[in-house]
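Comments concern the structure below.
Numbering of ligands and ligand atoms starts at 1, following listing order. Remember, it's a predicted structure, so these values are computed and weren't measured experimentally.
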Amino acid sequence: MEIKQVMVIGAGQMGAGIAQVFAQAGLSVKLNDMKQEALDKGLAGIEKRLARAVEKGKMTEEEQKEAFHRLSGTTNIEDASDCDLVIEAVVENMDVKEQVFKRLDEVTPAHAILATNTSSLPITEIAAVTNRPSQVIGMHFMNPVPVMKLVEVIRAIQTSDETYQAIEDMTKQLNKVPVEVNDFPGFVSNRILMPMINEAIYTVYEGVASPEDVDSVMKLGMNHPMGPLTLADFIGLDTCLYIMEVLHEGFGDSKYRPCPLLRQYVKAGWLGKKSGRGFYIYE
Ligand code: CAA
Ligand code: NAD
């Protein structure tokens with residue numbers, strides 16, 4: 001099937017990045033958010049990043065203008081009525097995602113593929129709330145989306161081979177690398193990454209070392225581009241906690257228990273870079 005018109009739901013850090021890479025790859029994209037303010041912020045961020053790409057000589061001014069013209073913003077989910085593909089990137093909460101998928105199932109054409117960028121929630125369960133479960137799939141981009149090459153393409157138990165193939169082809173068209181993964185808690189990426197981040201939080205909680213020193217060990221000792229606590233702040237501590245809860249519940253194994261300090265930070269509203277404070281303070 002040919003994918004021409006795309007909608008991205010949620011204009012936060014992931015949704016805005018996803019919309020940008022689709023527009024840069026020549027597709028027409030509608031970016032949706034329920035909040036006008038979030039939509040304006042998402043579109044402004046894309047404009048800024050495209051302008052910087054021109055400054056750095058990675059894109060011509062003409063290409064920048066064309067990419068931006070392929071993008072539009074809307075707070076109306078019904079505008080997905082002419083879309084071939086919708087990618088959902090709203091908050092990591094099953095109730096919210098199920099509501100969005102039920103509505104998308106009503107408003108999109110019968111042939112449309114519905115993808116989710118969830119970090120950890122069961123795609124099989126999301127697919128089951130629609131009348132087209134074979135056309136539901138996980139398309140898990142990494143943060144920051146314009147920079148990171150990987151897309152985990154996650155098959156729900158109901159996903160058809162046609163849907164999988166269309167999304168694998170689309171991922172390559174975006175100049176990203178697809179990796180096929182089955183639908184189990186945390187998929188591959190977060191099943192491995194999040195326990196490391198959670199353990200880093202435990203080392204701070206237990207007074208083994210400061211956040212700066214934990215990050216230095218992993219940066220200088222293991223050549224990670226960012227220390228785990230800087231990365232946790234960058235991902236969002238609320239998202240990290242949701243993922244640990246999904247792993248804990250999904251596997252029923254105490255090794256995935258979220259660190260109490262992570263819970264406390266989230267309760268305090270210290271969500272990392274996006275809220276101005278997490279393990280570090282941001283201006
Ligand atoms: N958005 C878009 N582009 C960004 C960006 C952002 N937030 N941050 C940096 N960049 C771009 C810069 O513009 C620069 O682009 P050019 O090469 O075109 O100039 C490039 O990234 C490198 O940036 P910098 O030189 O400023 O910084 P850096 O070398 O330290 O790299 C980084 C920044 C790429 C973010 C790097 O620190 C890194 O790879 N960090 C780890 C990221 C990571 O692990 N991501 C996965 C998170 S887990 C996940 O996403 C899954 C989940 O479900 C939670
Ligand atoms: P975010 O908080 O930056 O953005 C979420 C956006 O969704 C907000 O702008 C919010 O207004 C909007 N929204 C909420 N409910 C909505 C609805 N019903 N309809 C339309 N818009 C709605 O979150 P994020 O970090 O961009 O994460 C989004 C999704 O991507 C989550 O499922 C998360 O787990 C996943 N993810 C996050 C990362 C990461 O590093 N942050 C990486 C990969 C995947």
Side-chain angles (χ1 to χ4, degrees), residues 7-21 24 30-43 45-46 48-59 73-80 86-104 115-121 123 126 138-152 154 181 186-194 196-197 215 218-219 223-228 230-247 271-275:
M7 181 181 269
V8 179
I9 316 266
Q13 53 176 344
M14 294 305 289
I18 295 167
Q20 180 186 334
V21 296
Q24 281 182 258
K30 296 176 187 180
L31 182 59
N32 165 275
D33 203 288
M34 62 180 189
K35 292 186 196 152
Q36 185 65 47
E37 198 189 335
L39 189 57
D40 293 343
K41 195 176 162 202
L43 288 169
I46 298 172
K48 203 168 128 193
R49 287 194 295 274
L50 291 177
R52 203 176 306 144
V54 174
E55 273 167 32
K56 286 185 175 173
K58 297 198 167 179
M59 190 185 248
T74 174
T75 51
N76 192 354
I77 199 168
E78 282 76 29
D79 288 341
V86 180
I87 299 124
E88 167 278 314
V90 305
V91 62
E92 189 76 344
N93 175 295
M94 191 49 124
D95 291 343
V96 179
K97 289 200 193 282
E98 283 189 358
Q99 271 181 25
V100 169
F101 272 76
K102 277 185 191 155
R103 191 73 193 118
L104 284 174
T116 172
N117 182 52
T118 179
S119 294
S120 61
L121 294 169
I123 294 156
I126 296 174
M139 204 175 181
H140 186 208
F141 290 84
M142 300 293 124
N143 190 7
V145 181
V147 181
M148 307 302 276
K149 280 294 201 189
L150 174 72
V151 178
E152 271 188 307
I154 303 135
V181 173
F187 318 128
V188 171
S189 54
N190 284 321
R191 183 170 175 172
I192 297 173
L193 175 67
M194 279 304 152
M196 181 193 73
I197 287 178
D215 278 352
M218 298 307 285
K219 265 170 58 180
N223 255 0
H224 288 196
M226 278 176 171
T230 304
L231 183 56
D233 274 0
F234 179 59
I235 291 168
L237 299 185
D238 50 345
T239 300
C240 294
L241 178 58
Y242 290 139
I243 298 170
M244 284 312 297
E245 281 170 343
V246 168
L247 290 172
L271 306 182
K273 208 171 169 190
K274 66 181 168 187
S275 72

**OP:** Could you pull out, from D33, T239, V90, I18, the option with a heavy atom nearest to atom 12 (C) of ligand 2?
**Re:** D33
Original post:
Nearest heavy atom to atom 2 (O) of ligand 2: which of Q13, E92, K97, K274 does it belong to?
Top reply: K274
Subject >> Verify atom 45 (N) of ligand 1: protein non-hydrogen atom under 4.0 angstrom away >> reply: yes
**OP:** Determine whether the side chain, the backbone, both or neither of V100 has a heavy atom under 4.0 Å from any heavy atom of ligand 2.
**Re:** side chain
Original post:
Does the protein put a heavy atom less than 4.0 Å from atom 37 (O) of ligand 1?
Top reply: yes
Subject >> atom 33 (C) of ligand 1 protein-contacted, heavy-atom criterion under 4.0 angstrom >> reply: no
**OP:** Classify the contact between M142 and ligand 1 as side chain, backbone, both or neither, using a heavy-atom distance cut-off of under 4.0 Å.
**Re:** both
Original post:
Step by step, would you call K41 with D33 a salt bridge (charged side-chain N to carboxylate O under 4.0 Å, His left out)?
Top reply: CA-CA 10 Å; K41 195 176 162 202; D33 203 288; over 6 Å; no
Subject >> H140 heavy atom under 4.0 Å from ligand 2 >> reply: yes
Original post:
Does at least one non-hydrogen atom of G236 fall below 4.0 angstrom from an atom of ligand 2?
Top reply: no
**OP:** Would you mind telling me if ligand 1 is within reach of the side chain of Q13, the backbone, both or neither, using heavy atoms under 4.0 Å?
**Re:** neither
Original post:
Side chains of T118 and Y242: does their closest heavy-atom pair fall under 4.5 Å?
Top reply: no
Original post:
Is there at least one protein heavy-atom neighbour under 4.0 Å from atom 4 (C) of ligand 1?
Top reply: yes
Original post:
Would N190 count as a contact of ligand 1 if the rule is a heavy atom under 4.0 Å away?
Top reply: yes
Original post:
Counting heavy atoms only, which of S119, G17, A232, A38 comes nearest to atom 44 (C) of ligand 2?
Top reply: S119
Original post:
Should K273 and Q13 count as side-chain neighbours, where that means a heavy-atom distance under 4.5 Å?
Top reply: no
**OP:** Pick whichever of M226, K58, R49, K56 has a heavy atom sitting closest to atom 12 (C) of ligand 1.
**Re:** K56
Original post:
Does H224 approach ligand 1 within less than 4.0 angstrom via side chain, backbone, both or neither, non-hydrogen atoms only?
Top reply: neither
Subject >> For ligand 2, the portion of F141 having any non-hydrogen atom under 4.0 Å away >> reply: backbone
**OP:** Could you pull out, from Q99, Q36, M34, the option with a heavy atom nearest to atom 21 (N) of ligand 2?
**Re:** M34
Original post:
Hey, is L193 touching ligand 1 through its side chain, its backbone, both or neither, going by heavy atoms under 4.0 Å?
Top reply: side chain
**OP:** Have a look at ligand 2 and work out which part of T116, if any, has a heavy atom under 4.0 Å from it: side chain, backbone, both or neither.
**Re:** neither
Original post:
Considering distance alone, does some N or O of N143 sit under 3.5 Å from an N or O of ligand 1?
Top reply: yes
